Asker: 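This is the structure I want to talk about, given as structure tokens.
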Amino acid sequence: MSTVFIAFQTNETSRGIVEAITDDNPTAVVNEQPAMVKVDVPDSMTIYRSTIEEKLGRRFDLQEMQVHLITLSGHVDESDDEFTLSWKQ
Amino acid sequence: MTDIANAPKAATTKKPGLKERYALMTRGLDWETTYQPMEEVFPYATYEGIKIHDWDKWEDPFRLTMDAYWKYQAEKERKLYAIMDAFAQNNGHLGLTDARYLNSLKLFLTGVSPLEYMAHRGFAHVGRQLPGVGARVACQMQSLDELRHAQTQIHSMSNYNKLYDGFHSWRHMHDRVWYLSVPKSFFDDAITAGPFEYMIAIGFSFEYVLTNLLFVPFISGAAYNGDMGAMAFGFSAQSDESRHMTLGLEAIKFMLEQDPDNLPIVQHWIDKWFWRGYRVLTLVAMMLDYMLPKKVMSWKEAWEIYAEENGGALFQDLARYGIRPPLGWQQACDDKEHLSAQAWSTFYQYQGAAPFHTWMPSAEEMDWQSEKYPDSFDEYYRPRFEHWAEQEAAGNRFYNGTLPMLCQVCQIPMLFTEPGDPTRICYRESEHKGETYHTCSDGCKNIFDYEPEKYVQAWLPVQQIYQGNCFGPDADPTAADFNPLLEVIKWYRMNVGVDNSPYEGSRDQQNFQAWKQQTTSNAPAGGSPAGA
Amino acid sequence: MAVAAVKEYVGVPKDTQDKFHGAQLTFIGWLDHLMFCAPFAVPLPPDMPFGAIIEGVLPGACGHHPDFAKIDWSTVEWTKGGKPFSPDPAKSLTENGMRHKDSITFRTPGLTGIKGSST
């Protein structure tokens with residue numbers, strides 16, 4: 001089993017994104033470090049636009065994540081509604 | 001998955017979805033040339049032996065199109081410059097934990113930022129030479145990203161140049177100073193390779209396997225030590241790197257899926273570029289363990305998270321194509337116990353030739369090393385550092401006055417020890433056309449032996465100094481009082497005795513202390529700060 | 001394959017002996033003494049007696065180490081290119097078979113650095 005991860009700069013938008021990730025990926029482990037937050041999930045994680053919108057209370061384009069993103073690991077598959085990182089394809 | 005109850009419905013005039021938009025912006029934009037044969041338009045597309053049958057199989061997983069690229073990059077820039085301006089405007093440098101921290105930035109500015117610029121040039125070149133449109137669009141974006149990284153780093157660190165020593169001649173130094181030939185030759189090697197090798201070298205090995213170690217724990221450490229400027233440029237750059245990593249991974253999958261003959265070529269490049277990149281990271285190991293006054297994690301911990309765990313997952317995944325972990329992987333994992341201490345020992349003793357300050361760790365910092373490196377620090381490095389600290393206290397600081405032997409490939413002094421024996425220097429030797437060449441490891445020897453005609457040309461700083469090629473025009477080697485090493489330092493444009501002095505007693509140290517005092521007192525500091 | 005290239009490609013070495021103004025480059029490592037982080041690189045006249053390395057070169061390079069003054073040179077073990085080497089101190093480097101860019105090491109039995117740490 002391999003872990004995928006994604007890390008964001010610590011800010012108000014990424015707080016909502018991380019909450020969305022942990023809601024939708026129950027095995028997520030959140031790891032806070034100076035100025036950044038890293039989320040690890042075994043095998044794969046999916047980030048849903050709709051959950052982020054619910055957390056932030058506004059419309060959200062998944063590509064907006066790039067403004068807050070620091071790094072990630074795993075194969076990326078992105079559509080308008082979902083962003084998936086996985087080691088199984 | 002949840003829905004927003006009152007979300008507006010999608011407009012009936014249907015906007016194309018992300019996948020459709022990406023296809024529109026990256027497909028059907030090319031044509032078969034008729035005035036010139038295609039192989040002359042793309043002269044470097046085949047000589048490396050990589051076979052591509054269908055460029056339309058290239059897919060950017062982020063599906064980033066040029067319009068979205070401009071939009072989000074502009075937003076990143078606005079945020080970044082707002083932070084940098086605020087930091088400078090409010091004398092943010094006085095919020096640093098300690099001015100020792102700045103020496104890691106001097107290393108960054110002289111060693112890393114020029115590589116960002118070279119990456120910009122490299123991706124512009126490769127973007128011109130790859131015959132597939134999807135790959136060309138991706139390279140164009142990455143080329144712009146890399147230029148942005150160079151510029152934002154220079155802008156951010158130029159603030160320190162107003163107040164601190166050693167930041168002034170980074171570009172001049174990059175092409176000359178002995179240890180800067182390590183990152184410089186790394187990138188020169190990549191950019192003089194063919195376009196496919198470059199994609200593996202920088203796009204895959206460097207971006208995917210290695211940049212996390214620089215731009216995540218070190219930059220988190222910059223934030224931890226109060227440097228909002230470096231935090232902002234570092235994380236902003238790494239957000240682009242996520243895209244680059246994803247593209248590097250796509251490039252490797254694409255080559256492996258296009259033709260089975262590509263596998264051995266790609267495997268060799270992974271072996272080579274993992275090792276080349278790992279050797280450059282020697283500097284990062286030392287930055288994390290010795291140069292950050294407040295430490296976020298040890299090099300060993302960072303290696304375990306970002307190389308062993310993340311890289312391990314990656315190579316496990318690539319096994320389905322027949323790819324195995326790079327040669328040297330195990331050695332790199334074993335050497336995590338020693339790398340930073342061996343590197344810091346080197347810079348400490350060659351302080352006179354380095355434009356940043358060094359120091360011995362305090363007793364508390366040595367205890368941190370013992371805790372992080374229980375299997376190596378007390379046995380091998382504490383006796384060395386305590387001896388040096390005692391000598392320094394007795395007014396007999398150790399300087400190594402004789403130039404070191406360098407590795408022909410990575411150009412690092414031959415400071416690395418044999419796998420499994422940290423008490424013995426690792427020597428490897430090759431012969432080519434009657435000449436002897438020395439390398440520091442099996443990894444560097446393999447690289448040399450595979451393409452000796454390339455590496456025999458290495459501009460090794462020590463050899464160049466002894467040939468008399470590293471003096472300024474006003475130096476007179478026939479003068480009775482000619483001091484060759486001093487002339488080399490001047491040719492480097494170091495401010496002699498200021499940039500290259502030990503931290504203890506340096507102008508940086510004195511100024512920082514004086515300015516810090518002024519932040520909490522209305523009394524003038526004891527005289528004007530040194531050199532201000 | 002000596003290099004991957006689009007056409008005939010010949011590399012020109014930048015450190016052949018003719019470029020060192022009559023000297024030959026010699027690399028010298030003191031085993032078990034990693035206080036000196038890497039072997040030394042020194043340009044030496046090929047007709048220099050080997051003994052001048054011991055008397056003229058090494059004191060300046062290694063003198064800072066407390067073990068250096070304790071060396072009994074009659075017991076020192078040399079290698080060249082990784083193989084045992086018995087240089088005659090009275091003979092020149094060339095007569096001792098040393099060529100440009102040869103790498104030699106010496107071990108000083110009984111001396112293993114600061115607190116025996118190979119430093």
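Each chain gets a letter, A, B and so on, in the order its sequence line appears, and its residues count up from 1. These numbers were taken from a predicted model, which means no experiment stands behind them.
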Asker: Taking the side chain as every heavy atom from C-beta outward, state whether B:Gln238 and A:Gln9 have any atom pair closer than 4.5 Å.
Answerer: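 With C-beta onward as the side chain, the pair stays apart.
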Asker: At a heavy-atom distance under 4.5 Å, which candidate from A:Val4, A:Ile6, A:Ile70 has the highest pair count against chain B?
Answerer: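 Winner by heavy-atom pair count: A:Ile70.
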Asker: Which bit of A:Asn31 is near chain B, if near means a heavy-atom gap under 4.5 Å: side chain, backbone, both or neither?
Answerer: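 Contact with chain B involves no heavy atom of A:Asn31 at all.
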Asker: With a 4.5 Å limit on heavy-atom distance, are the side chains of A:Asp77 and B:Arg63 in contact?
Answerer: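 Contact flag for A:Asp77/B:Arg63 side chains = yes.
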Asker: Looking at B:Asn310, B:Thr246, B:Leu64, B:Ile219, which makes the most heavy-atom pairs under 4.5 Å with chain A?
Answerer: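 Ranked by heavy-atom pairs under 4.5 Å with chain A, first place is B:Asn310.
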Asker: Sort out for me which of A:Glu78, A:Met36, A:His68 touches chain B most, counting heavy-atom pairs under 4.5 Å.
Answerer: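 If we count pairs closer than 4.5 Å to chain B, A:Glu78 comes out on top.
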Asker: Is chain A contacted by the side chain of B:Met297, its backbone, both, or neither, given a heavy-atom distance below 4.5 Å?
Answerer: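 Side chain only.
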Asker: Could you tell me the separation between the OG atom of B:Ser220 and the NZ atom of A:Lys38, rounded to the nearest 0.5 Å?
Answerer: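 Separation between the atoms: 11.5 Å.
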Asker: Specify which of B:Met231, B:Glu75, B:Gln73, B:Glu250 makes the most heavy-atom pairs with chain A at under 4.5 Å.
Answerer: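 With the most close heavy-atom pairs to chain A, the winner is B:Glu75.
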Asker: Given that the side chain runs from C-beta out, which part of B:Glu241 has a heavy atom under 4.5 Å from chain A: side chain, backbone, both or neither?
Answerer: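 Neither part.
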Asker: Are side-chain heavy atoms of B:Val296 and A:Gln33 found at a separation under 4.5 Å?
Answerer: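 In short, these two side chains do not touch, never coming nearer than 4.5 Å.
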Asker: Answer yes or no: is there a side-chain heavy-atom contact under 4.5 Å between B:Tyr72 and A:Gln63?
Answerer: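 Yes, close enough: below the 4.5 Å cut-off.
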Asker: Atom OG of A:Ser73 and atom CG of B:Leu249: how far apart are they, to the nearest 0.5 Å?
Answerer: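 Here the rounded value is 9.5 Å.
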Asker: Would you check if A:Asp80 and B:Glu20 make a side-chain contact, meaning some heavy-atom pair closer than 4.5 Å?
Answerer: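 A:Asp80 does not reach B:Glu20 side chain to side chain.
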Asker: Do B:Thr211 and A:Thr71 make a side-chain contact, defined as non-hydrogen atoms from C-beta onward lying under 4.5 Å apart?
Answerer: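 Counting from C-beta outward, B:Thr211 and A:Thr71 never come under 4.5 Å.
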Asker: Please classify the contact between B:Leu314 and chain A as side chain, backbone, both or neither, with a heavy-atom cut-off of under 4.5 Å.
Answerer: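 Contact with chain A involves both backbone and side-chain atoms of B:Leu314.
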Asker: Which value, rounded to the nearest 0.5 Å, describes the distance between B:Met245 atom CE and A:Leu72 atom CG?
Answerer: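 Answer rounded to 0.5 Å: 6.0 Å.
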Asker: Go through B:Tyr306, B:Tyr224, B:Phe235 and name the one with the most non-hydrogen pairs under 4.5 angstrom from chain A.
Answerer: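 Among B:Tyr306, B:Tyr224, B:Phe235, the one with the most close pairs to chain A is B:Phe235.
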Asker: Could you tell me which of B:Lys19, B:Arg243, B:Gln316 has the largest number of non-hydrogen atom pairs under 4.5 Å with chain A?
Answerer: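 The option with the most such pairs is B:Arg243.
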Asker: Heavy-atom cut-off 4.5 Å, strictly under: side chain, backbone, both or neither for A:Phe5 against chain B?
Answerer: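 The answer is the side chain of A:Phe5.
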Asker: Given heavy-atom pairs under 4.5 angstrom as the criterion, report whether the side chain, backbone, both or neither of B:Tyr22 touches chain A.
Answerer: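 Contact with chain A: none, neither part.
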